[in-house]
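Naming: A, B, ... by sequence-line order, numbering from 1 per chain.
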Amino acid sequence: MAKIKSLDDLRMMKESLQSKINLREKGEDPGSHVQIKVAMATCGIASGAKTVMEFMMEELEKRGIESVITQTGCMGYCFAEPTIEVKLPGKEPVVFGYVDNKKADEIIEKYIKNGELVDGIIPMNYETIE
Amino acid sequence: MAKYKMHVLVCGGTGCKASASDSIIEKFKSELTAKGLDNEVQVILTGCFGFCEKGPIVKVLPDNTFYTQVKPEDVAEIVAEHLVKGRKVNRLLYVDPKSNEHVSDSKHMGFYRKQIRIALRNCGFINPENIDEYIARDGYYAIGKVLKEYTPAQTIDIIKKSGLRGRGGGGFPTGLKWEIASKNAADQKYVVCNADEGDPGAFMDRSVLEGDPHSVLEAMAICGYCIGATKGVIYIRAEYPLAITRLKIAIDQAREYGLLGKDIMGSGFDFDITLRYGAGAFVCGEETSLIHSMEGLRGEPTNKPPFPAESGYLGKPTNVNNVETFASVPVIILKGAEWFASIGTEKSKGTKVFALAGKINNVGLIEVPMGTTLREVIFEIGGGIKNGKKFKAAQTGGPSGGCLTEKHLDTPIDFDNLIAAGSMMGSGGMIVMDEDDCMVSIAKFFLDFTVEESCGKCAPCRIGNKRLYEILERITNGEGTMEELERLRNLSLVIKDTSLCGLGQTSPNPVLSTMDNFYHEYLAHVNDKKCPAGQCKSLMQYVIEPEACVGCTACARNCPVNAITGERKKPHVIDTAICIKCGACIEKCKFNAISIK
Ligand SMILES: Cc1cc2nc3c(=O)[nH]c(=O)nc-3n(C[C@H](O)[C@H](O)[C@H](O)COP(=O)(O)O)c2cc1C
Ligand code: SF4
Ligand code: SF4
Ligand code: FES
Ligand code: FES
């Protein structure tokens, strides 16, 4: 292992290691980040929720958006799978249906970045427990 | 590199390891591999979450799911349900003692809500056996910054301004201690970390060392730079094997990275750390005894002055600090003295770790801002008294401390308020007692500990404490007199005044404090020969109420010493001279006819 010879060395090393615990740090403080829940029950997985989840994780990071992505059980919208719930800091959560990679891209660009609403919002039929 | 979308943190602290956390980790790994998720979910061993009684703990992030009492057999279900399908396994979630409901994530647990974690910031968060995780959390940045940007005097000034006081019991200002040691010139000085932790029931230092060993190493190096020492020694009790292992791993890793050793980060400053093992005597936690024990002499205290800062280890200026004190230092450097000083009360800054024990729902390790009230600690964080019983008292300061009662519930807890209340902070043990606890017995319990642990060097402590114990024993046996009560108090005061070291000077505190707060219980034992809490066996009598007894003979048939006589279908009687108070009859009687008087 290379020695750390200066404060700059340490800083660089920290930056390269940061990703290791990023997910944990954001999880500790979910309220201040974009929170996304992907429904990953049987129906969701069958209709491609996993691909969407991976796509979103990758894209959000690429586009530099701090976010916490978790998977949840069936949200009760099996007809519209894959569904995702997006909660922007300080706002009510919104659920989108029929999310494929293209839709996900639109959600990131329009809703998450600018707060503009996009098609495909499903009216909420449940209360989130917060 | 694998791109993880979830982290599974499995507690590897002493408490949880004892109940199979190793095999839980193995099981997670094999289940995840079987499901093809090993590149999506990372399994990480961490230090203590503070919730050991309900261990082993498994926490899933980023959704903060907090699973308690997880068994290796539960792992397959967690993987299949939660990690694959996103459905939390309800039956393993923490149950709120008040509402009896499952709590879905740790953000909603009363136990964590009021806590601020400074000394414990990395415990239950990072893998203590991996220096990279510590570095990712800004580890070693504080020492790097200090070496590059501050002089020793400037650094000491930051610690002074932060208001940090020693967490080992005495509460001495840390910055001032460092300043004194820095001013004593010598060819060699030492930094010593006191990890003896002898207070029964306390395990905060162990948890810090097991869960975040690097923070202590880093702080010791900072201290070395400040006082001009190149050598550090951690004095740790040999009964802490896991903490010792983790420290050794941490020291090796830090040396490998050049964060300990010669010319740290190109600054020209050298610092290295070794370990020294203690046999676990309480008195060896006292700093002069500790130093003698390190030198291979008997672990007995000597008079101060000279203080260790003048003449300590091998006669050289030595700075002794407690584990938790050290663990707070790097954060102070990173976040600034003002930040630290903004937490806590006027004269006690920052946070304190407490080990909650006794009759409380959430037994565990907590860290709260100084100034948090006893009520918040017991009823909010601690989840209240077990089995809905009534709160009676809380002992802080262990065998050197005293008890806090109902009238202290709203007192902000800090160094000075505890002393004013007749107790002390000590190392942070907090034993909660309910209506069923006899306060005379509690005092006796602590005295028993002191008698056992007195090093015997000075007479007041060696002989005096033994006499105190004997008087307490007579009182709990119903043989005490009013004169003896008087003698108990006077002798206590003499021992406090005349003992050589802190052990003897504080050992009568549990007696004095229970006498002050619960004198009526002492009187009941002495005058009425009764133990109000029903704890003192010798003062109990088992009696059968003739009105309630139907003569079923169940009790008589189950009495191991045949103390119960009576005809069938007629009231039975217990011969108290034969009865050994085993309690068997009470359990067998279906008519609640037997009671303890
Ligand atoms: C009988 C006795 C036992 C002690 N045990 C400990 C101990 O286990 N751990 C500890 O850090 N300090 C203990 N102390 C306090 C130490 O003497 C010393 O004050 C402390 O380690 C200084 O560190 P601090 O300023 O960071 O608190 C004990 C003191 C006495 C009198
Ligand atoms: S007070 Fe007790 S422990 Fe301390 S020196 Fe005297 S005998 Fe030893
Ligand atoms: S308490 Fe035990 S010994 Fe005493 S009467 Fe009951 S059964 Fe017998
Ligand atoms: S040892 Fe696991 S929670 Fe404390
Ligand atoms: S035998 Fe007397 S009450 Fe049970």
Next on the checklist: If the condition is side-chain hydrogen bond (donor to acceptor under 3.5 Å, both in side chains), which residues does A/Glu58 pass it with, not counting sequence neighbours?
Outcome noted: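 With sequence neighbours excluded, A/Glu58 shows a side-chain hydrogen bond (donor to acceptor under 3.5 Å, both in side chains) to no residue whatsoever.
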For the residue pair [Y] / [X], report whether a side-chain donor-acceptor contact shorter than 3.5 Å exists.
X        : Y        : result
B/Asp252 : B/Tyr257 : no
B/Tyr134 : B/Glu218 : yes
A/Asn22  : A/Ser19  : no
B/His82  : B/Asp63  : yes
B/His214 : B/Tyr140 : yes
A/Gln18  : A/Glu25  : yes

From the list B/Lys107, B/Lys59, B/Gln42, B/Lys88, the residue making the most non-hydrogen contacts under 4.5 Å with chain A is B/Lys107
[X], part contacting chain A, at a heavy-atom distance under 4.5 Å:
X        : result
B/Lys148 : side chain
B/Leu259 : side chain
B/Val84  : both
B/Ile44  : side chain
B/Asp138 : both
B/Leu9   : side chain

Review point. Between B/Arg87 and B/Glu77, is there a salt bridge with N-O shorter than 4.0 Å?
Key: no
- prompt: Do A/Asp100 and A/Lys103 meet the salt-bridge criterion of a basic N to acidic O distance under 4.0 Å?
  reply: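 A/Asp100 and A/Lys103: not salt-bridged.
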Taking a cut-off of under 4.5 angstrom between non-hydrogen atoms, the residues of residues 114-124 of chain B near chain A are none
Bottom line for A/Leu23: the part with an atom under 4.5 Å from chain B's heavy atoms is both
Pick one of side chain, backbone, both or neither for A/Glu15, based on which atoms fall under 4.5 Å of a heavy atom in chain B.
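No part of it gets close to chain B.
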When heavy-atom pairs shorter than 4.5 Å are enumerated against chain B, which of [options] gives the highest number?
options                            : answer
A/Arg24, A/Lys14, A/Lys5           : A/Arg24
A/Glu61, A/Arg11, A/Glu28          : A/Glu28
A/Val38, A/Leu10, A/Thr70, A/Ile69 : A/Leu10

Can you find a pair of side-chain heavy atoms, one from B/Val103 and one from B/Phe66, that are under 4.5 Å apart?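 The answer is no; the side chains never approach within 4.5 Å.
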inquiry  = In the structure I gave you, are the side-chain heavy atoms of B/Asp272 and B/Thr230 within less than 4.5 Å of one another anywhere?
reply    =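 Not touching, per the 4.5 Å side-chain cut-off.
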What about B/Tyr94 and B/Phe51, are their ring centers closer than 6.0 Å? yes
